[in-house]
Amino acid sequence: MCPADDMSHSGIFVSEGDVMAFRRTIIAWGREHFRPFPWRFTADPYRILMAEVMLHRTRAAQVVPVYSKFVGSYPDVPALARATGEELYKTLYPLGLRWRVALIYEMATHLAGRFNGSVPVEKEALLSLPGISDYIASAVRCFAWGYPDFLADTNTVRVVGRMFGLKIRDSSRRNSRFRNILAALVDMEYPRLYNYALLDVADRICVKKRPPECNVCPVAKWCIQAGGIPIHGKGICED
DNA sequence: CTCCGGGTCG
DNA sequence: CGACCGGGAG
């Protein structure tokens with residue numbers, strides 16, 4: 001029996017109220033350290049979807065100029081559907097992963113053909129789009145419509161892995177224990193702010209490079225790695 | 001579960 | 001050099 005199967009008795013969180021305090025704390029920190037990427041100032045699901053595809057295995061800073069040029073040239077699905085492959089290739093080339101050019105082009109075809117030029121809100125429909133899996137589907141649903149979907153990527157998995165002392169592997173973002181924790185932690189009232197904050201903590205504080213910045217981490221008191229856990233920490237769980 | 005992708009920048 | 005707000009193939 002590992003921590004996190006029940007948040008309130010995980011040894012990390014002593015009660016549901018403690019979980020709420022965690023959410024409030026990370027959101028408060030997130031508001032002060034919000035990274036102002038251009039795709040964070042729109043609720044247009046099309047633009048958020050395109051941003052997430054561009055962010056796939058690509059540094060956010062590298063995406064910024066390409067994203068801005070892209071939405072200027074193709075502000076909506078019809079405009080994208082009219083684009084030529086050569087135009088798209090030139091716009092997206094600086095991002096690398098050139099298979100994304102064909103993917104985005106194909107995506108425009110699906111959105112225009114099957115979804116009347118709009119981005120579907122249902123998880124199943126999003127997952128039916130080419131190149132879209134759990135992370136991007138959830139990110140679009142949360143950031144565009146405010147659904148409290150959890151985000152499981154290498155960064156958020158690293159944060160909860162350290163918090164709960166779970167061994168982090170390449171497969172952890174698809175592991176049910178990690179996913180259950182991430183799902184249980186999401187703030188149901190402010191999911192956008194919460195998920196932005198979690199991503200920003202992962203990027204600015206809980207960095208992959210060791211050691212992480214635990215001395216300035218806003219949620220260190222709920223983290224085994226940071227030496228928080230006041231009373232009965234359950235220790236490391238291997239698997 | 002493991003492995004790969006790509007131009008770009010810290 | 002190594003790593004990047006993941007997804008699909010093997």
Side-chain angles (χ1 to χ4, degrees), chain A residues 26-27 29-30 33-43 45 47-71 88-107 110 123-124 126-144 147-162 166-179 182 185-186 191-210 212-213 238-239:
Chain A
I26 196 169
I27 286 173
W29 181 92
H33 299 82
F34 182 80
R35 288 179 294 166
F37 298 122
W39 51 86
R40 289 185 168 192
F41 293 95
T42 180
R47 299 190 179 202
I48 293 170
L49 175 61
M50 292 301 124
E52 294 299 340
V53 172
M54 295 182 201
L55 286 162
H56 177 69
R57 291 302 299 168
T58 308
R59 302 188 101 98
Q62 188 179 349
V63 171
V64 172
V66 175
Y67 170 85
S68 297
K69 181 179 180 181
F70 182 92
V71 296
L88 281 176
Y89 186 88
K90 287 198 297 185
T91 302
L92 299 173
Y93 182 84
L95 291 182
L97 296 179
R98 297 191 295 275
W99 51 265
R100 279 190 287 201
V101 177
L103 177 67
I104 287 178
Y105 193 81
E106 185 183 355
M107 195 175 294
H110 279 255
K123 190 78 174 281
E124 297 300 322
L126 284 166
L127 293 176
S128 75
L129 293 170
I132 302 308
S133 189
D134 184 74
Y135 177 87
I136 294 181
S138 293
V140 170
R141 282 170 51 79
C142 175
F143 297 136
Y147 285 97
D149 289 12
F150 66 90
L151 304 184
D153 74 333
T154 56
N155 304 292
T156 60
V157 156
R158 182 176 63 254
V159 174
V160 299
R162 284 172 172 167
L166 302 174
K167 189 160 185 64
I168 301 166
R169 300 179 181 175
D170 181 58
S171 58
S172 294
R173 56 194 157 93
R174 303 176 201 180
N175 179 279
S176 63
R177 172 162 292 141
F178 282 82
R179 299 177 64 81
L182 287 163
L185 292 180
V186 172
R192 287 190 187 88
L193 292 177
Y194 172 85
N195 278 327
Y196 283 146
L198 186 59
L199 289 170
D200 289 345
V201 163
D203 180 80
R204 302 273 299 274
I205 305 293
C206 201
V207 295
K208 170 174 268 185
K209 183 180 179 63
R210 306 298 298 266
E213 307 289 337
E238 294 287 345
D239 93 60

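Only heavy atoms go into these numbers, but all of them, side chains included; no hydrogens, no water, no symmetry mates.
- Atom-to-atom, CZ of Phe178(A) to P of dC1(B) comes out at 11 Å; the value is rounded to the nearest Å.
- Regarding Glu106(A), its CD atom lies at a distance of 13 Å from the C1' atom of dG8(C), rounded to whole Å.
- Across Tyr196(A), Trp39(A), Phe37(A), a single residue satisfies ring pair (Phe, Tyr, Trp, His ring centres under 6.0 Å) together with Phe143(A), and that is Tyr196(A).
- Here, dG6(B) and dG10(C) have their P atoms 15 Å apart, quoted to the whole Å.
- Within the nucleic acid shown, Arg173(A) comes within 4.0 Å of at least one base atom, counting heavy atoms only.
- Here Ile136(A) lies in heavy-atom contact (under 4.0 Å) with sugar-phosphate atoms only.
- Spacing between dT8(B) and dG8(C) at atom C1', rounded to whole Å, works out to 24 Å.
- Comparing dC5(C), dT8(B), dG6(B) against the side chain of Arg98(A) picks out dG6(B) as the nearest.
- Between the side chain of Asp170(A) and the base of dC1(B), no donor-acceptor pair of N or O atoms lies under 3.5 Å.
- Distances were taken from every side-chain heavy atom of Ser171(A) (C-beta onward) to each of dC5(C), dT2(B), dG7(B); the shortest belongs to dT2(B).
- The cationic group of Arg173(A) does not satisfy the cation-pi geometry with Tyr135(A), failing either the under 6.0 Å distance to the six-membered ring centre or the 45° limit from the ring axis.
- One atom, CG of Leu97(A), and another, P of dA9(C), lie 15 Å apart when rounded to the nearest Å.
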Begin from the C-alpha positions of Ser133(A) and Arg174(A) and carry the test side-chain hydrogen bond (donor to acceptor under 3.5 Å, both in side chains) through to its verdict. CA-CA 11 Å; Ser133(A) 189; Arg174(A) 303 176 201 180; over 6 Å; no

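- The listed nucleotides are dG7(B), dC4(C), dC5(C); the one nearest the side chain of Arg57(A) is dC4(C).
- With rounding to the nearest 0.5 Å, the separation of CZ in Arg158(A) from OG1 in Thr156(A) is 9.0 Å.
- Ile205(A) has its CD1 atom 16 Å from the P atom of dC5(C), to the nearest Å.
- Look at CG on Leu199(A): it is 13 Å from P on dC4(C), rounded to the nearest Å.
- Note on Ser133(A): only backbone sugar-phosphate atoms sit closer than 4.0 angstrom, heavy atoms only; bases stay farther off.
- Atoms CH2 (Trp99(A)) and P (dG7(C)) sit 9 Å apart, rounded to a whole Å.
- Regarding contacts with the backbone of dG2(C), every side-chain N or O of Lys208(A) stays at 4.0 angstrom or more from both OP1 and OP2.
- One atom, CG of Asp203(A), and another, P of dC4(C), lie 10 Å apart when rounded to the nearest Å.
- The base of dG8(C) does not come close enough to the side chain of Arg100(A) for any donor and acceptor atom to sit less than 3.5 Å apart.
- Applying the 3.5 Å distance criterion, the base of dA3(C) shares a donor-acceptor pair with the side chain of Arg59(A).
- Taking CZ of Arg40(A) as the reference point, atom CG of Asp200(A) lies at 4.0 Å (rounded to 0.5 Å).
- In this structure, Arg158(A) reaches neither bases nor backbone, as no heavy-atom distance under 4.0 Å exists between it and the strands shown.
- Using P as the reference atom, dC5(C) and dC3(B) are 22 Å apart when rounded to the nearest Å.
- Taking CG of Leu151(A) as the start and CD1 of Ile136(A) as the end, the distance is 11.0 Å to the nearest 0.5 Å.
- Distance Glu52(A) CD to dC5(C) P: 11 Å, rounded to the nearest Å.
- For the pair Ala61(A) and Pro130(A), nearest-nucleotide mapping onto DNA chain C gives the more 5' position to Ala61(A).
- Judged by Watson-Crick or G-U wobble contacts below 3.5 Å, the nucleotide dG7(B) has dC4(C) as its partner.
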